[in-house]
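Structure first, commentary second.
In this text, all values refer to a predicted model and were calculated from it rather than measured experimentally.
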Amino acid sequence: GSALASLGDLNGDMIDDIIIGAYNYTFEFDTAIGKVEVYYGTNGGTFGDPDFEQIGAHKEAQFGYSVADGRQFDSESLGKEVLIGANNFNPMYSPDVNQGRGVGAVYVYTHTGGVPILSLNTTLFNDVGAAGFGTSVSSAGDVNGGMEDDVIVGAPFYSLNNNNEGAVYGYYGENFEAGEDDSYDWCATGEKSNAFLGIAIDLASTDLAINSIIAGAYGYGIQNTLFQGAAFVYEGSDCGLRKYEEPIFLSFPQDTIFVD
């Protein structure tokens, strides 16, 4: 289990349920196709066979690299959403061609309560290839005052203006469309080479009407050659997410002097 998340109570039995991702799972000759399993919670805390399992779309897709509770991202669905990242997914995959790094994807499943208990609702994509999109994924709560749950996705290898600067994408719940969606509502980039922004992301605050998020950038530094590592907070507002300051956390102060 390389990824693990609580899903809250999916099936209404007052016991929390869990999802486990195994991105390096191999099925027959399909190495690293990836797999996720969902287990309903039990009173005894012991588990048998999974209540839901799914493998990735193709070899090396790394399905299940990240997993998260999607809350009620699709406000028109009857159940909660579950988020699954496959950061090496390639829509043009061919078993006869060396693909290199894929574009990545995040699958949005809805809990139906039927058989199977989850059904694929939407697939999220980004607009920059080989970015590791789906390396991290999280519910963002409501970050823009739209009264709907939103979703954030990390792409730490995003390299548009700077090599491996990384990026975080936001998808607002009120703009949700079932099917395939590459129309993100918000994006922040690492702004420095090898910052790897989006390697980790999470909801940062839940005590306000509009939530904020936090994103890690383990290679960020005051100079491109100095890997401090940092975390950035983006505040929610009626206009969406905005950077709080630059940055909010560093692994050591910016005025630190290093001696050989």
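At distances below 3.5 Å, not a single donor-acceptor pair connects side-chain atoms of Ser212 with backbone N or O atoms of Ala204. Although no hydrogens or angles enter the test, the distance criterion places no donor-acceptor pair under 3.5 Å between the side chain of His111 and the main chain of Val82. Between the side chain of Asn87 and the main chain of Gly104, no donor-acceptor pair closer than 3.5 Å is present.
Cluster note: Ile33 groups with Tyr25, Phe27, Ile55 through ILVMFWY side-chain heavy atoms spaced under 4.5 Å, whether in direct contact or through intervening members. Here Met147 sits alone; no ILVMFWY side chain lies under 4.5 Å from its own, so it joins no hydrophobic cluster.
Residue Phe232 is tested with Ile213, Ile214, Leu197, Val168 for a side-chain contact (heavy atoms from CB on, under 4.5 Å); the sole match is Leu197. When the options Val67, Val137, Val153 are evaluated for a side-chain contact (heavy atoms from CB on, under 4.5 Å) with Leu83, the one that passes is Val137. In summary, of the residues considered (Asp150, Asp185, Asp149), a side-chain contact (heavy atoms from CB on, under 4.5 Å) with Glu174 occurs for Asp150 alone.
We find the CG-NZ distance between Asn162 and Lys192 to be 9.0 Å, quoted to the nearest 0.5 Å. Considering CG of Asn88 and OH of Tyr23, their distance stands at 11.0 Å, rounded to 0.5 Å.
In this view, Tyr169 and Phe133, Tyr184 satisfy the ring pair (Phe, Tyr, Trp, His ring centres under 6.0 Å) rule, not counting sequence neighbours. Every residue meeting the side chain to side chain contact (heavy atoms under 4.5 Å, CB included) condition with Ala57, not counting sequence neighbours, appears here in chain and number order: Phe89, Tyr107. By the ring pair (Phe, Tyr, Trp, His ring centres under 6.0 Å) test, Phe52 pairs with Tyr109, sequence neighbours left out. Contacts of Asp142 classified as salt bridge (Lys or Arg N to Asp or Glu O under 4.0 Å), with partners at least two apart in sequence or in another chain: none. For Asn163, the side chain to side chain contact (heavy atoms under 4.5 Å, CB included) criterion is met by Ser159, Asn194, not counting sequence neighbours. Residues satisfying the side chain to side chain contact (heavy atoms under 4.5 Å, CB included) test with Ser119, not counting sequence neighbours, are Thr110, Thr112. Residues that satisfy the ring pair (Phe, Tyr, Trp, His ring centres under 6.0 Å) test with Phe176, not counting sequence neighbours, are Phe73. The side chain to side chain contact (heavy atoms under 4.5 Å, CB included) search around Ser138 returns Ile152, Ile201, Asp202, not counting sequence neighbours.
Aromatic pair Tyr234/Trp186: centroids less than 6.0 angstrom apart.
Sequence neighbours left out, the pairs with a member in residues 32-55 that pass salt bridge (Lys or Arg N to Asp or Glu O under 4.0 Å) are Lys35-Glu37, Lys35-Glu53.
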Exercise answer: donor-acceptor pairs, residues 4-15 side-chain atoms, under 3.5 Å, sequence neighbours excluded:
residue	atom	partner	partner atom	Å
Ser6	OG	Gly8	N	3.3
Asp9	OD1	Asn11	N	3.4
Asp9	OD1	Gly12	N	3.0
Asp9	OD1	Asp13	N	3.3
Asp9	OD2	Asp13	N	3.2
Asp9	OD2	Met14	N	2.8
Asn11	ND2	Asp13	OD2	3.4
Asp13	OD1	Ile15	N	3.0

